[in-house]
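Accompanying notes for the structure given below.
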Amino acid sequence: MTFRAPVSEYEFLLNNVTGYNEIAATDRFAEAPSDVVSAILNEAGKMCDEVLAPLQRNGDLTPAYLENGVLRTSPGFADGFKAIAEGGWIGMSAPEQYGGMALPLTVATAVNEMMAGACLSLQLAPLMSQGQIEALEHHASDAIKELYLPKLISGEWSGTMNLTEPQAGSDVGALSSKAEPNGDGTYAVTGQKIYISWGDNDFCENICHLVLARLPDGAPGTKGISLFLVPKFLPDADGNPGKANGLKVVSLEHKMGLHGSPTCVMQYDGATGWLVGKEHGGMAAMFTMMNNARLGVGGQGVGAGEGAYQHALAYALERKQGKTASGFIADHADVRRMLMEMKADLFASRAILLACAQAIDLQTATGEKDWAARAAFLTPIAKAFGTDTGIRVSETGVQVHGGMGFIEETGAAQYYRDVRVTAIYEGTNGIQSMDLVARKMMDGGETAFALIDEIEEQAERARATHPNMAESVWQACESLREATEWLVAQEDMQDRFAGSVPYLRAFARVLGGHYHLAAAMADQGGAREKLARFYITRMLPEHASLLAHAQAGAAGTFALSLDELAG
Ligand SMILES: Cc1cc2nc3c(=O)[nH]c(=O)nc-3n(C[C@H](O)[C@H](O)[C@H](O)COP(=O)(O)OP(=O)(O)OC[C@H]3O[C@@H](n4cnc5c(N)ncnc54)[C@H](O)[C@@H]3O)c2cc1C
């Protein structure tokens, strides 16, 4: 099956649905008008189709492995990474002064998603570097920026993020890695980190680890954590990789999927590190990286879903079974339902992803706090809904294949196995949902209500051309408003948390209706209007059951005792 990067889908969304013009109209991004963005997307799409997509199976069939302590990556991955680096795709939104292209994050988000659709396990490598670039840009000293940023951006060096330890997963504050001052401005970092994506590779000269650790006077919990940059090789006087640092890859995890991405257990033994940000201010610095990565992981979900959709569609157009108009299974009503649901959900999740990226760009360009609040609000939705969509779509992709979906040689199962982790890493989707209903609603729901108002305003405008669809979206939005009012009135956080996942999904469903409606207005009589009708009629109603669940409180979830759960 040949992968085709969804360039035209992005062009349509940016120009007709999410309002990219608002970004291009700012001084900050004046050099990225839509025609330039189109040219960039086409160029990136070509690389995805021709260079990255052929590597997708290699990662699964020939995973990365350790050979006498040296990490060997999957066949072709070194060339794939080189192509990404040479195309400038690592530093798309990085500052020009360090070699980046200073493009809007919106563009980077689109390109990242297309790369993920082509080869998810390789795409995770530049995604990690991008997060590190952003964290260093905002929190590192000038000396660190000057040395590291150009090399990370050019892809000569790569970046990782090291939070997780065996006893510190979602609860990052429980970490026990330590950092002791060496007396010369550097620190000795000691501890074990697990699950470190792309903790090593055989195609970059140096691997730069951002490591969370606690200084001797660091308080327990998240407040006492600091962030350190710990390179595999210590830079010499000329900034070239010199002496090996005190760290190693102990082993690689055996995973359900994403085999092309080495997931490393890392051991740091007094490794030399440099403080990034303030002492005990590690979480703030790491959050810069994590927010970027959360959006990026949402894009991984959408991208993998796109790959799975194309794969399933191709199969449905060649497999003959039973009598249908075309002779192929694609013309069975239930197979059509699956294909339509996949396509409609990909559209919705991609639009949410872009809306989130655009809010970040508008925050960067204008400095307005409303855009910052919008971006912060949409980030957990983009992450959780994007990845849930990737999982649902790729699982449906297996179903479209029938028995051949369960047989590895078709490659359908790989999409599902690969994308499954995206709902787990970068903060599980449960943690994202709790963030949405707690921290992101500390404003009493102001940001949520502003968005809800916008959705209803557009629905009002749409009544002239699409009265039925507009009414459905408006009604769904009113239910969302009521549920949000209920939520912010709950003082016992358990009552919010118990329904946070269905609430986030319902919000995403309604946002999906909003963007589909915009597409219908822009493409009257066209395929996008038909897809919007399918989504709004058949998929949007799910919001009602989700919202009922969201407002049921915690008592029911704790109704069974632990003994009764086991009984
Ligand atoms: C392939 C892979 C790659 C990874 N890459 C990296 C990486 O590069 N760098 C890195 O630092 N880490 C990485 N991780 C780690 C990843 O971020 C963690 O697995 C994730 O944060 C969850 O932590 P955990 O596995 O300890 O699960 P746990 O925290 O033990 O969670 C188990 C379950 O409990 C739930 N839960 C936990 N706490 C709460 C709570 N307070 N309220 C409600 N529910 C809760 C979770 O949602 C989950 O369902 C990676 C993991 C994998 C599998």
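Whatever order the structure lists them in is the order used to number ligands and atoms, beginning at 1.
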Protein contact to [atom] [nearest heavy atom, distance to 0.1 Å]:
atom: atom 4 (C) of ligand 1; answer: Tyr195 O, 3.0 Å
atom: atom 45 (C) of ligand 1; answer: Ile431 CD1, 4.1 Å
atom: atom 24 (P) of ligand 1; answer: Gly169 CA, 4.0 Å
atom: atom 2 (C) of ligand 1; answer: Tyr425 CD2, 3.7 Å
atom: atom 43 (C) of ligand 1; answer: Met434 SD, 3.4 Å
atom: atom 31 (O) of ligand 1; answer: Ser170 OG, 3.8 Å

**OP:** Side-chain contact test, heavy atoms from C-beta onward, threshold under 4.5 Å: evaluate it for Trp198 versus Thr73 and give yes or no.
**Re:** yes

Subject >> Residues Tyr503 and Thr484: side-chain donor-acceptor under 3.5 angstrom >> reply: yes

Subject >> Residues Gln130 and Glu134: side-chain donor-acceptor under 3.5 angstrom >> reply: no

Atom indices of ligand 1, in the order listed, that fall short of 4.0 Å to a heavy atom of [X]:
X: Leu163; answer: 10 (C), 11 (O)
X: Lys255; answer: 1 (C)
X: Met161; answer: 7 (C), 8 (O), 9 (N), 10 (C), 11 (O)
X: Thr428; answer: 22 (C), 46 (C), 47 (O)
X: Val421; answer: 1 (C), 2 (C), 52 (C), 53 (C)
X: Glu426; answer: 17 (O)
X: Ile424; answer: 20 (C)

Original post:
What distance separates Ile84 CD1 from Met47 CE, expressed to the nearest 0.5 Å?
Top reply: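 Going from CD1 on Ile84 over to CE on Met47, the span is 5.5 Å.
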
Subject >> Rounded distance (nearest 0.5 Å) linking atom CE of Met266 with atom CD1 of Ile194 >> reply: 13.0 Å

Original post:
Do the side chain of Thr190 and the main chain of Gly270 share a donor and acceptor less than 3.5 angstrom apart?
Top reply: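 Such a contact is found between Thr190 side chain and Gly270 backbone.
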
Original post:
Can any side-chain N or O of Arg294 pair as donor or acceptor with the backbone N or O of Glu426 at less than 3.5 Å?
Top reply: yes

Original post:
How far apart are the closest heavy atoms of Asp200 and Pro262, and which atoms are they?
Top reply: O-CG, 3.7 Å

**OP:** Could you pull out the closest heavy-atom pair between Ile153 and Gly91, with the gap in Å?
**Re:**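 What the structure gives for the nearest pair is CG2-CA, 3.9 Å.
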
Original post:
Out of Thr164, Asp418, Val211, whose heavy atom is nearest to atom 10 (C) of ligand 1?
Top reply: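 The residue whose heavy atom sits nearest atom 10 (C) of ligand 1 is Thr164.
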
Subject >> Heavy-atom proximity to atom 8 (O) of ligand 1, best of Cys264, Ser197, Pro262 >> reply: Ser197

Does the protein place any heavy atom closer than 4.0 Å to [atom]?
atom: atom 49 (O) of ligand 1; value: no
atom: atom 39 (C) of ligand 1; value: yes
atom: atom 33 (C) of ligand 1; value: no

Original post:
Are the aromatic ring centres of Phe377 and Phe507 under 6.0 angstrom apart?
Top reply: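 Judged by ring-centre distance (under 6.0 Å), Phe377 and Phe507 do meet the cut-off.
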
Original post:
With Tyr415, which of Gln56, Gln310, Glu306, Glu395 fulfils side-chain contact (heavy atoms from CB on, under 4.5 Å)?
Top reply: Gln56

